[in-house]
Amino acid sequence: MTGKLTNAQIAWRAAQDIEDGAYVNLGIGFPEMVARYQPPGKQAIFHTENGILNFGKSPPEGEEDWDLINAGKKAVTLNPGASFFHHADSFAMVRGGHLDVAILGAYEVAETGDLANWSTGPKGVPAVGGAMDLVHGAKRVAVITDHVTKDGRPKLVKSCSLPLTGVGCVTRVYTSLAVIDIVAQRFVVREKLAAISLDELQGLTGAGLVVEGTIADLSVPEL
């Protein structure tokens, strides 16, 4: 499929909706890219489950301090006012509802808001891990993902076929083709690429799409 957003562009679009001063946890891998694209004048406070709050950009190659890593084992720097804490305290923050936003990747998202982002298959993430706490502890849960799998199957579905990470937890999905909210167990299209029709988008989605009002153009910069 051509004419879709790159991962960087999807991450950029998701970053635009993060409020200034929000406490944010980004999933391992692709979601970590969101931190690169904070809007001018806004500064999120990033949390990592292994025990850092308010970490900064990746250090230059060769200047890493490998005692300072995020949950994905990538080297990070510290912003002024950063803090360290025990792993258990980190999860107390998560489970206590102190995170404003969690942004994760997905294998499948159901129209009910159910999320499947781990698998027991040979190439899957070997365990559900802290994601199950994040999706029910954060005040808002968003997903960033390609709209379809590598072999063209829908990732937005009526019900998940893979093991669930959380039930009824996702409220917005940023895909390579559209921005879609989950409202009353329905996929509501808020934005889509101008080059794709609603019928074409529906054909790539495994559940019904709903329109409420005007669908805005999904517009992102070249990155």
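We're numbering straight along the sequence, starting at 1.
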Trainee: Ignoring hydrogens, what is the shortest heavy-atom contact between Leu204 and Val148? Give both atom names and the distance.
Mentor: O-CG1, 3.6 Å
Trainee: Is the backbone of Lys4 close enough, under 3.5 Å, to the side chain of Ser176 for a donor and an acceptor to pair up by distance?
Mentor: no
Trainee: With a 4.5 Å cut-off on side-chain heavy-atom distances among I, L, V, M, F, W and Y, is there a chain of contacts connecting Ile18 to Leu99?
Mentor: no
Trainee: Could you please spell out the steps behind the side-chain contact (heavy atoms from CB on, under 4.5 Å) verdict for Leu198 and Ile215?
Mentor: CA-CA 9 Å; Leu198 186 60; Ile215 300 174; 4.1 Å; yes
Trainee: Would you say Leu134 and Leu26 are hydrophobically clustered, going by side-chain heavy atoms of ILVMFWY under 4.5 Å?
Mentor: no
Trainee: Determine which pairs satisfy side chain to side chain donor-acceptor pair (under 3.5 Å) with at least one residue from residues 61-73, sequence neighbours left out, and list them in order.
Mentor: Glu32-Asn70
Trainee: Does Glu108 form a salt bridge (Lys or Arg N to Asp or Glu O under 4.0 Å) with Lys155? I'd like the steps, not just the answer.
Mentor: CA-CA 5 Å; Glu108 295 175 324; Lys155 298 184 78 170; over 6 Å; no
Trainee: Should Val143 and Leu209 be counted in the same cluster of Ile, Leu, Val, Met, Phe, Trp and Tyr side chains packed under 4.5 Å apart?
Mentor: yes
Trainee: State which residues pass side chain to side chain contact (heavy atoms under 4.5 Å, CB included) with Ala11; sequence neighbours excluded, sorted by chain then number.
Mentor: Phe30, Met33, Val34, Tyr37
Trainee: Who passes side chain to side chain contact (heavy atoms under 4.5 Å, CB included) against Pro221, sequence neighbours left out?
Mentor: Trp12, Leu223
Trainee: Atom CD1 in Ile10, atom OG1 in Thr145: separation rounded to 0.5 Å?
Mentor: 7.0 Å
Trainee: Just so I know, are the side chains of Val109 and Asp114 near enough to count as touching, which here means a heavy-atom distance under 4.5 Å?
Mentor: no
Trainee: Return yes when atom OH of Tyr23 has more than 12 non-hydrogen atoms of other residues, nucleotides or ligands closer than 6.0 Å, and no otherwise.
Mentor: no
Trainee: Charged N to carboxylate O below 4.0 Å: is that the case for Arg13 and Asp17?
Mentor: yes
Trainee: Any ion pair linking Asp217 and Lys192 (charged N to carboxylate O, less than 4.0 Å)?
Mentor: no
Trainee: Which atom pair, heavy atoms only, marks the closest approach of Thr205 to Pro154?
Mentor: C-CB, 4.0 Å
Trainee: Does Leu201 belong to the same Ile/Leu/Val/Met/Phe/Trp/Tyr cluster as Val157, with side-chain heavy atoms less than 4.5 Å apart forming each link?
Mentor: no
Trainee: Taking side chain as C-beta onward, heavy atoms only, is Leu78 less than 4.5 Å from Asn54?
Mentor: no
Trainee: Any side-chain heavy atom of Leu193 within less than 4.5 Å of one from Leu5?
Mentor: yes
Trainee: Do Gln9 and Glu222 have side chains that approach each other closer than 4.5 Å (heavy atoms only, starting at C-beta)?
Mentor: yes
Trainee: Does any part of the side chain of Leu104, heavy atoms only, come nearer than 4.5 Å to the side chain of Val141, both counted from C-beta?
Mentor: yes
Trainee: Let me have the donor-acceptor pairs involving side chains of residues 40-51, under 3.5 Å, with sequence neighbours excluded, atom names and distances please.
Mentor:
residue : atom : partner : partner atom : Å
His47   : ND1  : Asn25   : ND2          : 3.1
His47   : NE2  : Ser90   : OG           : 3.0
Thr48   : OG1  : Asn50   : OD1          : 2.5
Thr48   : OG1  : Ala71   : N            : 2.8
Glu49   : OE1  : Asn25   : ND2          : 3.1
Asn50   : OD1  : Ala71   : N            : 3.2
Asn50   : ND2  : Ile69   : O            : 2.9

Trainee: Return a table of donor-acceptor pairs under 3.5 angstrom between the side chains of residues 177-186 and protein atoms on other chains or two or more places apart.
Mentor:
residue : atom : partner : partner atom : Å
Asp181  : OD1  : Arg172  : NE           : 2.5
Asp181  : OD1  : Arg172  : NH2          : 3.3
Asp181  : OD2  : Arg172  : NH2          : 3.1
Asp181  : OD2  : Arg190  : NE           : 2.8
Arg186  : NH2  : Glu212  : OE2          : 2.7

Trainee: Start with the C-alpha gap between Ser197 and Asp199, add the side-chain angles, then the distance that decides, and say whether side-chain hydrogen bond (donor to acceptor under 3.5 Å, both in side chains) holds.
Mentor: CA-CA 5 Å; Ser197 71; Asp199 285 344; 5.3 Å; no
Trainee: Considering only heavy atoms from C-beta outward, does the side chain of Cys160 approach that of Leu162 to under 4.5 Å?
Mentor: no
Trainee: Do the non-hydrogen side-chain atoms of Leu156 and His147 ever get within less than 4.5 Å of each other?
Mentor: yes
Trainee: Quick one: hydrophobic cluster around Leu164, which other residues, with the 4.5 Å side-chain cut-off, linked directly or via members?
Mentor: Val167
Trainee: Do Val173 and Val220 belong to the same hydrophobic cluster, where Ile, Leu, Val, Met, Phe, Trp and Tyr are linked whenever their side-chain heavy atoms lie under 4.5 Å apart, directly or via other members?
Mentor: yes
